[in-house]
Undergrad: 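Take a look at this one; I'll ask things after.
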Amino acid sequence: MSVGMTDREADLAQVKGLIRDIPDFPKPGILFKDITPLLGDATGFRTAIELMASAVDGPTPEYIVGTESRGFIFGAALAYELGAGFIPVRKPGKLPADVHSAEYELEYGTDALEVHRDALHQGARTLIVDDLLATGGTARATADLLRRLGAEMLGYCFVLELTFLNARQQMTDAPVTALIQY
């Protein structure tokens, strides 16, 4: 730990040090933040989950809602850490029962998400979790799905945020937490 650095700052530096840049992926002009080295490092991954859990302020979520696919990784681990259930929000055609669907724009295209209509009860306390906040399209579509189910949105939690895309300013319905900002 560097002199004058708190434990939290050291933990954040450790997590950030395990994220690498991949230029021109998935298309030219995109600088992809690759979390696979973080996932492959047991201590770093645990630290990231502990940091996310410590960022949960206020009521404990009943459900962590993770978006396909990297939101599943962080969301399921965070749900375990917090003693909450896990709700997957998937790409179209992946869920077997009746679903709600929401379309959204990505920083490099469009897509859609689905959630089971019976995924949670009216008023359920939920936290949306994903690896990256970029344009906010995925998170806003997920929030739309949760509103259709009558859930209470406690907030959003991300490992990374690309601040230059200004998504946070459009997400005023619940608190937004990101461990690392670029």
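Just so we're clear, the structure is a prediction, and the values are computed from it rather than from any experiment.
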Undergrad: Would a single hydrophobic cluster contain both V15 and L162, if residues Ile, Leu, Val, Met, Phe, Trp and Tyr are joined by side-chain heavy-atom contacts under 4.5 Å?
TA: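 Result: yes, single cluster for both.
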Undergrad: If you measure from NZ on K91 to CG on D111, what distance do you get to the nearest 0.5 Å?
TA: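 The NZ atom of K91 sits 4.0 Å away from the CG atom of D111.
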Undergrad: Which pair of heavy atoms, one from D41 and one from Q14, lies closest together, and at what distance?
TA: OD1-NE2, 4.4 Å
Undergrad: Do K94 and P88 have side chains that get closer than 4.5 Å, going by heavy atoms?
TA: no
Undergrad: What is the distance from atom CG of D11 to atom OG1 of T6, rounded to the nearest 0.5 Å?
TA: 8.0 Å
Undergrad: Taking CD in Q170 as the centre, count heavy atoms belonging to other residues, nucleotides or ligands within less than 6.0 Å. Is the count above 12?
TA: yes
Undergrad: Given 3.5 Å as the limit, does a donor-acceptor pair link the side chain of R90 with the main chain of H116, or not?
TA: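 Flag not set: sc R90 to bb H116 has no pair under 3.5 Å.
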Undergrad: Output, in order, the C-alpha distance, side-chain angles, deciding distance and verdict of salt bridge (charged side-chain N to carboxylate O under 4.0 Å, His left out) for R140 and D144.
TA: CA-CA 6 Å; R140 285 191 308 274; D144 179 50; over 6 Å; no
Undergrad: Provide the closest heavy-atom pair for A143 versus Y156 in the form atom of the first, atom of the second, distance.
TA: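 So the two residues come closest at CB-OH, 3.2 Å.
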Undergrad: Between the main-chain N or O of G93 and the side-chain N or O of E114, is there a donor-acceptor pair closer than 3.5 Å?
TA: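 Looks like yes, one N/O pair under 3.5 Å.
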Undergrad: Could you give the distance from CG (D57) to SG (C157), rounded to the nearest 0.5 Å?
TA: 11.5 Å
Undergrad: Please check: side-chain N/O of T126 versus main-chain N/O of E152, any donor-acceptor pairing under 3.5 Å?
TA: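 At least one qualifying donor-acceptor pair exists.
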Undergrad: Return yes when atom CG of D118 has more than 12 non-hydrogen atoms of other residues, nucleotides or ligands closer than 6.0 Å, and no otherwise.
TA: yes
Undergrad: Report yes or no: do L95 and L145 belong to one cluster of Ile/Leu/Val/Met/Phe/Trp/Tyr joined by side chain heavy-atom distances under 4.5 Å?
TA: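 Not linked; separate clusters.
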Undergrad: If we check side chain to side chain contact (heavy atoms under 4.5 Å, CB included) with L39, which of these qualifies: L18, D34, D131, I73?
TA: I73
Undergrad: Would you say that K33 contacts I180 through its side chain, given a criterion of any heavy-atom pair below 4.5 Å between the two side chains?
TA: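 Result no, sub-4.5 Å side-chain heavy-atom pair not found.
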Undergrad: Using the rule that Ile, Leu, Val, Met, Phe, Trp and Tyr join whenever any side-chain heavy atoms are under 4.5 Å apart, tell me whether Y182 and M52 fall into a single cluster.
TA: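 Y182 clusters together with M52.
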Undergrad: Between F45 and L132, is there shared hydrophobic-cluster membership here, with clusters defined by ILVMFWY side-chain heavy atoms closer than 4.5 Å?
TA: yes
Undergrad: Does the pair H100 and L149 meet the rule for a side-chain contact (heavy atoms from CB on, under 4.5 Å), with working shown?
TA: CA-CA 9 Å; H100 284 298; L149 294 173; 3.5 Å; yes
Undergrad: So which heavy atom on A124 is nearest to which on E62, and how close?
TA: CA-OE2, 3.3 Å
Undergrad: I'd like to check I128 versus V89 (side-chain heavy atoms, cut-off strictly below 4.5 Å). Are they in contact?
TA: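 They are not in contact (no side-chain heavy atoms under 4.5 Å apart), so the answer is no.
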Undergrad: Is there a path of hydrophobic side-chain contacts, each under 4.5 Å between heavy atoms, that joins V99 and L113?
TA: no
Undergrad: Measuring from atom OG1 of T36 to atom CD1 of I19, what distance do you get when rounded to the nearest 0.5 angstrom?
TA: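 One gets 10.5 Å once the value is rounded to the nearest 0.5 Å.
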Undergrad: State the OG1-CZ distance between T142 and R147, to the nearest 0.5 angstrom.
TA: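 Output value for this atom pair is 10.0 Å.
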Undergrad: Do you know which two heavy atoms are closest between L127 and P61, and how far apart they sit?
TA: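 Closest heavy-atom pair between L127 and P61: CB-CG, 3.9 Å.
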Undergrad: Determine, step by step, whether F158 and F74 satisfy the side-chain contact (heavy atoms from CB on, under 4.5 Å) criterion, reporting the C-alpha distance in whole Å, the side-chain angles of both residues, the deciding distance to 0.1 Å, and the verdict.
TA: CA-CA 9 Å; F158 304 94; F74 291 100; over 6 Å; no
Undergrad: Check the pair E81 / R46 against side-chain contact (heavy atoms from CB on, under 4.5 Å), numbers first and verdict last.
TA: CA-CA 10 Å; E81 182 76 14; R46 173 170 276 296; 4.0 Å; yes
Undergrad: Only one of D130, V115, I87, V129 passes side chain to side chain contact (heavy atoms under 4.5 Å, CB included) with V65; say which it is.
TA: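 Between V65 and the candidates, side chain to side chain contact (heavy atoms under 4.5 Å, CB included) is satisfied uniquely by I87.
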Undergrad: How far apart are the closest heavy atoms of Y63 and A119, and which atoms are they?
TA: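 What the structure gives for the nearest pair is CE2-O, 4.5 Å.
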Undergrad: Do you know the tightest heavy-atom contact between R148 and S101?
TA: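 Result for this residue pair: NH1-O, 2.6 Å.
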Undergrad: Find out whether Y80 and I64 are in side-chain contact, i.e. whether some heavy atom of one side chain is under 4.5 Å from a heavy atom of the other.
TA: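 Contact flag for Y80/I64 side chains = no.
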Undergrad: Considering the options L165, T163, V159, which one meets the side chain to side chain contact (heavy atoms under 4.5 Å, CB included) requirement together with E161?
TA: T163
Undergrad: About how many Å separate CZ of R168 and CG of L133, when rounded to the nearest 0.5 Å?
TA: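 These two atoms lie 7.0 Å from each other.
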